[in-house]
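Keep in mind it's a predicted model, so treat the numbers as computed, not measured.
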Amino acid sequence: VYTQPAPPPVYVQPMAPRLYAPRPTLPQWQTRIGLGGRFAGTINRDDSLQSVQFGQLGFGGEMLFRVQRHIVLELASEYQRSLYGAGEFHRYDVPVTFGARFHLGGPEWVVSPYLVAAAGLNYANLDYVHAHDVAWFGIGQLGGGLELRLGKHFAINGDVRAEGRRRLSDPDEATAATTSINGKPFAPMGNQYGGQFRLGAAVYF
């Protein structure tokens, strides 16, 4: 009796388990504190005297603090200088504001658009022919801009802000009694509104 030998066993190599590569982590700005400087230009309209319109140029500094991926707090101050009319009146302002920038993208965005809101106080001094009108204003700002991040520690930013200033203090008696200077109508500084344009840079630590 002939018995057919059993076929040799067939070994099937088990499939290797699928390896899932971890998602690459996005580069993050580990820095949270920044110091910056900026140039600013403003166009304002004063309601005190026939809606007088005047421009200002200034420079200032700011401290930035990133509290979340999309929120940066700013503490800023400026020195602004302006000329009324043909240079007869000279005025300077020193605003101090506290605000927040709301970035639409995270810290990994090289170009990051943002919205901004700020409020603060402004000291103004108007020199009008051997006399001064000194005033304190409350400030409110709303606007938006772009931040260009060049590396992990340096950024350039620019924004446009609508600004309103409300006078908080009263003029002195001499200023309040002055109605004309050299035949031209005059009135103390009043509430103002206008626009501000900023261009600056910051170093982050």
- [ ] Look at the side chain of Q192 and the backbone N and O of G190, then say whether any donor-acceptor pair between them is shorter than 3.5 Å.
- [x] yes
TODO: In plain terms, say whether R69 and E108 are close enough for a salt bridge, that is, a side-chain N and a carboxylate O under 4.0 Å apart.
DONE: yes
TODO: Indicate, with yes or no, if the rings of F186 and Y128 have centres closer together than 6.0 Å.
DONE: yes
TODO: Look at E78 together with R198 and state whether they make a salt bridge at an N to O cut-off of under 4.0 Å.
DONE: yes
TODO: Find out if a path of hydrophobic residues (ILVMFWY) with successive side-chain heavy-atom gaps under 4.5 Å connects L57 to F59.
DONE: no
TODO: May I ask you to decide if W136's main-chain N or O and S169's side chain share a donor-acceptor pair within less than 3.5 Å?
DONE: yes
Task: Side chains of N125 and Y123 in contact at under 4.5 Å (non-hydrogen atoms) - done: yes
TODO: Apply salt bridge (charged side-chain N to carboxylate O under 4.0 Å, His left out) to the pair D133 and R167, showing each step before the final yes or no.
DONE: CA-CA 12 Å; D133 180 19; R167 182 159 183 163; 3.0 Å; yes
Task: Qualifying residues under side-chain contact (heavy atoms from CB on, under 4.5 Å), relative to F98, sequence neighbours excluded - done: L73, L75
Task: OG1-CG distance between T175 and D170, expressed to the nearest 0.5 angstrom - done: 11.5 Å
Task: Y79: partners by ring pair (Phe, Tyr, Trp, His ring centres under 6.0 Å), with sequence neighbours left out - done: Y92
TODO: Check whether any side-chain N or O of H70 sits under 3.5 Å from a backbone N or O of F102 as a donor-acceptor pair, and report yes or no.
DONE: no
Task: Pair D159, Y114: side-chain N/O donor-acceptor within cut-off below 3.5 Å - done: yes
Task: Backbone of N122 reached by a side-chain donor or acceptor of R165 within 3.5 Å - done: no
